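See below for the structure under consideration.
Computed from a predicted structure; not experimentally measured. A, B, ... follow the sequence lines: proteins, then strands. Residue 1 opens every chain.
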Protein chains: 4
Amino acid sequence: MPNQLLAGKKGIIFGALDDQSIAWKVAERCVEEGAQITLSNAPVALRFGKIQALGEKLNAPVIAADATSVEDIENLLSQSMEALGGKVDFILHSIGMSLNVRKKREYTDLKYEWMLKSLDISAISFHKILQTAMKMDAVNDWGSMLALTYIAAQRTFPDYNEMAEAKSLLESIARSFGYHYGAQKNVRVNTISQSPTFTTAGSGVKGFKEFFDYADKMSPLGNASAEACADYCVMMFSDLTKYVTMQNLFHDGGFSNMGMSREVLAPTEESE
Amino acid sequence: MPNQLLAGKKGIIFGALDDQSIAWKVAERCVEEGAQITLSNAPVALRFGKIQALGEKLNAPVIAADATSVEDIENLLSQSMEALGGKVDFILHSIGMSLNVRKKREYTDLKYEWMLKSLDISAISFHKILQTAMKMDAVNDWGSMLALTYIAAQRTFPDYNEMAEAKSLLESIARSFGYHYGAQKNVRVNTISQSPTFTTAGSGVKGFKEFFDYADKMSPLGNASAEACADYCVMMFSDLTKYVTMQNLFHDGGFSNMGMSREVLAPTEESE
Amino acid sequence: MPNQLLAGKKGIIFGALDDQSIAWKVAERCVEEGAQITLSNAPVALRFGKIQALGEKLNAPVIAADATSVEDIENLLSQSMEALGGKVDFILHSIGMSLNVRKKREYTDLKYEWMLKSLDISAISFHKILQTAMKMDAVNDWGSMLALTYIAAQRTFPDYNEMAEAKSLLESIARSFGYHYGAQKNVRVNTISQSPTFTTAGSGVKGFKEFFDYADKMSPLGNASAEACADYCVMMFSDLTKYVTMQNLFHDGGFSNMGMSREVLAPTEESE
Amino acid sequence: MPNQLLAGKKGIIFGALDDQSIAWKVAERCVEEGAQITLSNAPVALRFGKIQALGEKLNAPVIAADATSVEDIENLLSQSMEALGGKVDFILHSIGMSLNVRKKREYTDLKYEWMLKSLDISAISFHKILQTAMKMDAVNDWGSMLALTYIAAQRTFPDYNEMAEAKSLLESIARSFGYHYGAQKNVRVNTISQSPTFTTAGSGVKGFKEFFDYADKMSPLGNASAEACADYCVMMFSDLTKYVTMQNLFHDGGFSNMGMSREVLAPTEESE
């Protein structure tokens, strides 16, 4: 349902890997709504993912950047502004990785060098993008910065491990930087807290399928899909949400405000 | 910037009084985005306000209804479905009135009959609308129900008086009913927590001007206007937000997540 | 473990019915900690409950009061001050009743006269107690007012029905009145959000046993007992918490900040 | 007002520097309430602070430990258990330091090595203490772990800079580890979010005095003092709060739930 909501807007989408990625869907929807974009991901993701094919389809330059490297971000912003013909209006941060999860360290047995690296990749990278963009004056007034997060930042999901801390840090950065970017340039900064989503990244987590089903039952509308998340991102990039900033926005079919659902408590009695 | 976001949708807008009303702006924007609507307000508001003029301009039937009367709501829903040619897709609840504020009773000297009446008008009316609509099956699947609220539901603003309680109750109703309407019909129910706004209602509150200015300084983007709120309502009525439910969404230029702003703390040192 | 934490303090405990009541345990613990108290409940509860026996055991006058009646509250406060020889230092509000639940009306089929009555009994009664106490100057400086609540005020538990709204309203009253009572008299006002508890009131709710077990598994410490809640109330009445006000304090074994527990998700795999 | 609330309990207090420190007051109050404790701080703090004098006064061994060093923490825990004759029942984490603040880097001009170091010192150190204690089985069942935090974790106070992120991370760690420690050993983990306090650390922050006064006016009970905070910590270490876990507890005179106070909005009209 394209409505040209982003006509004339320019943006950068971080984190598309393959067509299961939320960032992939966001990129598609942004272009469909009239935006021009560049795509970015880490060099290794560029090698193993299918992002080049997406870039070709969307006529979007693909620019490698390690989001923990300020130098890479500077380069990405410069190249994006050149390719797009000016400052950008929106940026999506869809980046998360936990070394301790990947290496199967329990939350009560973390390796701290890995934790610091996980926080750097998954959260501080957002600060680096924002700070670098502000210094380079790379974002138009009333621009929209967005990062994807998860409710583990507020509540404990044991298997989510140290990513809970990474997401808390990420959301705090959105709030804090939102003040500064808003006061200086009317740029808004928000996070979207998305339902568990079957992505290549998400589905690797232990017990993901069981958890996905649980969340689906707990949410009165069911889990929100990656496609629906892309719609919500479009909306947050559009001019219809100019005064929303420093917020964490749950996009989860109602999960976040459920205490208990009848479907979860008594699955066999649904017919009553 | 009309994008036909609501093309083919039908809705009911409660609470427009005059062209300062948020509901007035929402009605205009909904029609601009392609929706067909009916307008409603209390009989007394119809007599003293200018809603008939709005109805003519928007080609929207104006239907009187006391939102505390289930009978009136039934009548409004029937007439709306008839006029619009089918079930509705969205409803806006922009209704609030405090008898104790109006009669200048302090929060520590409330008259309780008035408090009950204030809660009935400002909050329970939303439950009545939802329950009646559900019983009459008056809302299409994936419809969107929305009420306007204020951050006094979370934090204390002394002059807001018992309206704090009314807004807490309203937001609780949105959450609770959101579960039931979502589980039954995929209808979402949310509230938007709007900046202080110069409406005929809002500006009557004691010290409103000082408070408006304070909130404006505290918010990195400044207070959100009624026009911007209308944009946000359009977005919440559109199909871009289908999986957002049971949420209270701050539309306030960042106010809700500010602890202190430099502008408020040191107004004379802004130049430093 | 009596520590004379409330030595010299005077208080009023609302809502003890029988020895399963939280208020009953609170009364016992307060006296054990050195306080003098009066007990109150509705006339009908006095007739059917065992509160007279408790009064005798604790040497505490039992004074009937309908907590929705300002006149009854005035009488209770006068009699309490007379019996205790001065103003009071603390009050517990442990009162809640839903007519719609009692009469088995679903949340989507509420009878509104009953809803207003439920709100009056379960929430507005707390405002009436606070306002009346303030007008009569019945509370010492740095006194502590406390009401018991439940997390349904924040999240949806379908079977909790309209009590969700009552608890939201109750917590809002605690915040709002907390400002005024604090600013005027340094009196603090808080709510404790307690685990589901097997009381004569609580256990009557449909599906209570299943829900109790679910919450118990979800909470890393298990559900908090009525006895533990009494300890927490003592602490909130003591001088160790003088600067805590306008808060909703979860006393729930961790439930409120859990998103998912391994025990709930995979009950049969607990041994892994 | 000693009540022997901690009779027989053993604990470790991190972070006392001089008699302005909250940790200093907590140490004094714990001993007054019957606990045996050890004191710890970084080697450099031991050299420049007055903690040795406190140790002598309280008969508490002073053990140097860099809280970012797992090895130091292991040593501290071993020595503490030896000195105290067994496992500990409580630990206080009162540690925070921002390199970027100290070196006057603005939040939009952070140096990232420093940010990582600040997070390590101020937040991850708490995880290190908890993880090490769990591995060494150094805490008795139903023990109480506590860290001091600040509301900048939830709302933006521009001058608080990257410490907002550190405190968000710290509170997330408390929640996450609270689940694991609770499920395994019934140990509770909480944070106390304290009013701005005139400590040697706090008062060095730019504009602290102005901010302290603002918070004092905004809080109906005024800012909570270090002494009052020590009382609250005692309470959280005592057996009266055994079922409180994974919580962030505001100890702030009501500040956290204020939206606006008359004192702040109209300082010259206080007499009206």
So, taking the atom named CG in N257(C) and the one named CZ in R175(D), what distance separates them when rounded to the nearest 0.5 Å?
6.0 Å
Does the pair F250(C) and V244(D) meet the rule for a side chain to side chain contact (heavy atoms under 4.5 Å, CB included), with working shown?
CA-CA 7 Å; F250(C) 289 101; V244(D) 179; over 6 Å; no
How close do D231(C) and D239(D) get, heavy atom to heavy atom, and via which atoms?
OD2-O, 4.1 Å
What distance separates Q4(C) CD from L5(D) CG, expressed to the nearest 0.5 Å?
11.5 Å
Per the side chain to side chain contact (heavy atoms under 4.5 Å, CB included) rule, which among H251(C), Q194(C), E227(C) passes with Y243(D)?
H251(C)
Part of L249(D) lying under 4.5 Å from any heavy atom of chain C
side chain
Closest heavy-atom contact between M246(D) and G254(C)?
SD-O, 3.8 Å
Find the distance between CE (M235(C)) and OG (S238(D)) and round it off to the nearest 0.5 Å.
7.5 Å
Is the CG atom of D141(C) crowded by more than 12 outside heavy atoms at less than 6.0 Å?
yes
With rounding to the nearest 0.5 angstrom, report the CG to CG distance, N3(C) to L6(D).
9.0 Å
Using every non-hydrogen atom in the two residues, find where R29(D) and L240(C) come nearest and quote the distance to one decimal.
NH2-CD2, 3.4 Å
Could you please state which residues from residues 178-191 of chain C sit under 4.5 angstrom from chain D, measuring non-hydrogen atom to non-hydrogen atom, sorted by number, or 'none'?
G178(C), Y179(C), H180(C), G182(C), A183(C), N186(C), V187(C), R188(C)
